[in-house]
Each structure stands twice: as C-alpha cells, then as structure tokens.
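All values reported here derive from a predicted model rather than from experimental measurement. In what follows, chains are A, B, ... by sequence order, proteins preceding strands, each numbered from 1.
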There are 2 protein chains.
Amino acid sequence: MQEQPRRQSRIQKRNREVILTAALREFSAGGFAGTTIDQIAEAAGLSKPNVLYYFQSKEAIHSALLRGLLDLWLGPLRDLQAEGDPREQILAYARRKLEMSRDYPQESRLFANEVLQGADRLQPILGGELRELVEEKSALIAGWIAEGRIAEVDPHHLLFSIWALTQHYADFEVQVRAVLGPDHDPFAEAQIFLDQLYLRLLTPQPRE
Amino acid sequence: MQEQPRRQSRIQKRNREVILTAALREFSAGGFAGTTIDQIAEAAGLSKPNVLYYFQSKEAIHSALLRGLLDLWLGPLRDLQAEGDPREQILAYARRKLEMSRDYPQESRLFANEVLQGADRLQPILGGELRELVEEKSALIAGWIAEGRIAEVDPHHLLFSIWALTQHYADFEVQVRAVLGPDHDPFAEAQIFLDQLYLRLLTPQPRE
DNA sequence: CAAATTATTGACCATTTGGTCAGGATCAGG
DNA sequence: CCTGATCCTGACCAAATGGTCAATAATTTG
C-alpha cells in the first residue's frame with residue numbers, strides 16, 4: 001500500500017526537483033503559454049524527452065508546481081494566531097509576507113500570473129481552502145475589533161491589503177526598481193513603510 | 001506633411017479600433033504569448049490576414065495598445081495637484097485609481113501582465129516618463145509633509161501603495177471574488193476601506 | 001556479473017501559429 | 001460609370017511546439 005516512498009528512486013527525486021526548479025523560473029518569468037518545454041529542459045540541463053519522462057505533460061509540471069507551492073504560500077496566514085498582541089500579530093504577518101516577496105519572488109509571480117489570467121487551474125482552491133482560511137482569520141480579527149484591541153476595519157480587506165502591498169514588491173519589482181532607481185532597497189524601505197501604515201491603521205484612536 | 005489625418009479612412013479607423021478592442025480583451029486575459037492572432041481576429045470579427053492588413057504583426061498590435069493606453073493610465077497621477085487639501089488630493093487619487101480598476105480592469109491586467117513578465121516592451125517608459133512623473137509628485141508630497149499638513153511617510157511607497165491596493169482589485173479580481181463570495185461588492189467595500197486607511201495613515205498625529 | 005528495471009535520447013510527427021501573397025471584391029472620386 | 005486605390009480572403013509556407021517511440025545507455029538487484 002505504501003507506493004509513494006518506494007517509487008521515488010534517488011535519481012528520480014533529484015531530476016523531478018531539478019525540473020520543478022527550472023519550471024518555476026521559466027513559468028514565473030513567462031507565464032504558462034509563454035514557456036516551452038524546451039526552455040524548461042534547457043534550464044534543467046535535460047533533454048525534452050527526458051523531461052517528459054518525468055512529467056506527463058507541460059500541464060502536469062505546472063500543476064505539480066502549484067500544488068507544491070501552496071503550503072509555502074499560505075503558511076504565514078495560517079500562523080496568524082489568537083495569542084499575543086493583535087497589532088503585533090498582524091504586523092508580523094505583513095512582515096512575513098514581505099519577506100516572502102523578497103525571498104520567493106518567483107513563487108509570487110507564478111501565482112500572480114495564474115490568478116491574473118483567470119486562475120482556471122486554481123479556482124477550486126481559491127473558493128475552497130483559501131476562502132475557509134480567510135473566513136477563519138477574518139473572524140479572529142473581527143473578534144479583536146469587537147474587544148476594542150485594534151481599530152475598526154473590514155477584516156477581509158485588511159487581509160487583501162496585506163497581500164496587495166507585499167506581493168506588489170515581487171510582482172511589480174521591475175517597475176518599483178525602475179521608478180526608485182538603483183540607489184534604493186525597495187524591500188527595506190517597504191518594511192518601514194508597511195509597519196508605519198498598519199500601526200496607524202490599526203491603533204485604536206480614542207478621539208474625544 | 002500632414003499624413004496622419006489624411007491617411008485614416010473611415011473604414012480604416014473603424015477596423016483599427018475594432019482590432020484594438022478585441023486585442024485588449026484577449027491580451028489582458030491571456031497575456032501576449034497566450035493570445036493568437038486568430039483569437040484576436042475572431043473576437044474582432046475579421047479574418048486573420050485582414051487583421052494583419054491593419055497591423056504589421058502581433059507585436060505591432062500589442063505596442064499600439066500599450067502606447068494608446070498609457071495616457072489613460074497615468075492620467076489620475078498627473079491630476080495630483082498642489083492646490084487644495086493634501087489629504088483630500090491623495091484620497092481622491094486613490095479613489096480615482098480604484099474606479100479605474102473597476103471600470104478598466106482589462107487595461108489594468110494588460111499592464112500587470114506586461115510588468116509581471118519583465119516589462120521588456122515597457123521598460124523605457126517605466127524608467128523614463130513614469131519615473132519623472134513619480135519624482136515630481138513625490139516632491140509635491142514631500143512638501144506637504146515638510147509643512148506638517150500630512151503625517152510623515154515615504155512618498156514613493158505611498159504612491160506604490162495606492163497602485164498596489166487599487167490595482168489589486170482588478171488584477172486579482174477572481175481571487176477577491178472567490179474569497180468574498182457572491183454577496184459582496186468588492187469595489188464598494190474597497191472604497192470605504194481605502195478611505196479609512198489613507199485617512200489614518202496621513203492624518204498628522206500630535207502625539208504628546 | 002547477468003537479468004531486469006530504470007533513465008536517456010535522436011528522430012520523428014501532427015498541430016498550431018505568425019506571417020505572406022496573388023488575386024478578387026469593394027469603394028471613392030472624377 | 002469607370003478607374004485607381006483601398007480592402008479583403010483563401011491558399012499557402014516555414015518555424016515552433018507539445019508530445020511519441022523505438023532503441024540505447026546506465027543502474028539496480030538477485
């Protein structure tokens with residue numbers, strides 16, 4: 001019954017990994033349609049038929065990538081917990097997401113490409129797993145608001161704003177860099193900016 | 001010497017327009033590589049050779065689109081002026097950009113696709129025209145900060161945040177809708193959220 | 001070390017795609 | 001209503017691309 005572990009020979013494991021790494025680079029830079037199996041093969045240092053020996057089709061590579069990256073991508077949101085200072089929790093989430101944009105820009109762009117073009121191969125997850133996760137965390141945030149521990153905001157859009165503001169630095173990196181010029185560190189500056197922003201947004205204001 | 005106006009016959013004008021409209025729909029939904037001339041032709045109700053009669057190549061269609069849309073896209077930022085209440089100016093800019101995301105999502109996605117994939121065909125504009133415009137408006141904002149009329153923030157990243165937060169609702173619309181479910185109006189909610197956000201971010205806080 | 005399994009490849013194929021072209025249809029202007 | 005210019009199309013082409021396959025090389029295993 002345990003087929004999975006037995007099946008993965010050493011060489012198989014390595015090559016699958018190499019292919020997925022190469023495919024991530026290519027897909028994230030060119031989108032699904034804009035990437036050829038030949039490109040992936042070359043980037044992986046393998047022949048095209050050899051790539052197709054490990055994955056049935058281009059689609060299969062893409063699917064495997066998305067599936068494998070989902071957990072990495074949703075991890076930070078899962079870590080948003082009830083314990084601790086609410087503001088600090090949310091700030092930490094934003095910070096963590098920004099780090100992900102800095103350290104995994106290809107992953108960010110892969111998802112962005114996908115969603116941007118209709119997310120056909122992703123929709124079930126968006127409306128299912130992701131939606132439930134967001135619902136859960138939104139309830140948590142709503143609780144904090146009700147307790148008066150953070151200022152009043154729409155929890156859903158608060159989460160959207162964190163996604164938008166952090167992923168922007170990965171997805172639109174070339175634009176950000178082009179506008180800022182070479183003498184800036186976008187991510188370092190963004191960290192400060194986002195801290196400021198969410199602090200001001202979330203700190204309850206006893207306006208008399 | 002006046003070739004441009006003389007050259008555009010009525011039929012030419014109409015068909016060029018039809019093609020660009022169809023191309024916008026297709027490119028924004030599938031990216032450059034993911035769109036075929038046949039698709040554009042069909043969407044335009046013309047034959048493929050006929051499309052290529054009006055535009056030299058697929059590239060040419062794409063370029064014409066980008067060039068034609070740039071002004072629309074940068075218009076709101078150009079309107080950011082020194083006169084009036086600074087906070088209101090910035091809020092109005094954010095609102096205007098959000099309306100653009102709602103009313104011109106295809107245009108937003110076209111640019112997003114482009115930037116996301118390296119912006120090869122756009123880089124000169126990003127580092128040139130856009131950069132200068134941003135520099136100018138950043139200086140304006142910096143002035144407001146120096147006068148104490150809005151709270152201290154990095155002007156560049158303030159602008160980035162407006163782009164990110166507003167375009168997110170167009171570029172990631174399927175995700176936003178999937179997460180929110182059918183009983184929400186993302187744009188109406190976003191408007192309220194963004195107003196709140198920028199009001200709190202920009203209102204000077206005389207913390208004693 | 002031999003058999004069996006796994007890995008790899010060159011050659012090949014069908015389809016798609018960007019683009020061309022010669023000729024026919026249509027239209028504007030005299 | 002004729003003529004030249006503009007508009008349009010079917011047929012076609014070369015290149016690129018996703019994918020197959022038979023044959024060979026490398027590796028594992030008994």
Worksheet item: Does a donor on one side chain and an acceptor on the other come within less than 3.5 Å for B:Asn113 and A:Gln117?
Response: yes
Worksheet item: Are A:Ser47 and C:dT8 close enough that a side-chain N or O sits under 4.0 Å from OP1 or OP2?
Response: no
Worksheet item: Yes or no on side-chain hydrogen bond (donor to acceptor under 3.5 Å, both in side chains) for A:His156 and A:Glu135, after CA distance, side-chain angles and deciding distance?
Response: CA-CA 8 Å; A:His156 289 102; A:Glu135 227 43 61; 3.2 Å; yes
Worksheet item: Reading nucleotides 11-22 of chain C from the 5' end, what letters show protein touch, with B for base, S for backbone sugar-phosphate only, - for no heavy atom under 4.0 Å?
Response: ------SBBBB-
Item to complete: Sort out for me which residue in A:Gln106, A:Lys58, A:Glu114, A:Arg109 forms a side-chain contact (heavy atoms from CB on, under 4.5 Å) with A:Phe27.
Response: A:Lys58
Would you list the protein and nucleotides 4-7 of chain D atom pairs, both N or O, that sit under 3.5 Å from each other?
residue, atom, partner, partner atom, Å
D:dC7, OP1, B:Ser9, OG, 2.6
D:dC7, OP1, B:Gln12, NE2, 3.3
D:dC7, OP2, B:Gln12, NE2, 2.9
D:dC7, OP2, B:Tyr53, OH, 3.1

Practice prompt. Taking A:Gln89 for its side chain and A:Gln81 for its backbone only, find out whether a donor-acceptor pair lies under 3.5 Å.
Written response: yes
Worksheet item: Do we see a donor-acceptor contact under 3.5 Å between the side chains of A:Ser63 and A:Arg121?
Response: no
Fill in: Identified salt bridge (Lys or Arg N to Asp or Glu O under 4.0 Å) partner of A:Glu99 from the options A:Arg96, A:Arg95, A:Arg102
A:Arg96
Fill in: Side chain to side chain, A:Tyr53 and A:Asn15, heavy atoms closer than 4.5 Å
no
Worksheet item: Hey, are B:Ser161 and B:Tyr198 close enough side-chain-wise for a donor-acceptor pair under 3.5 Å?
Response: yes
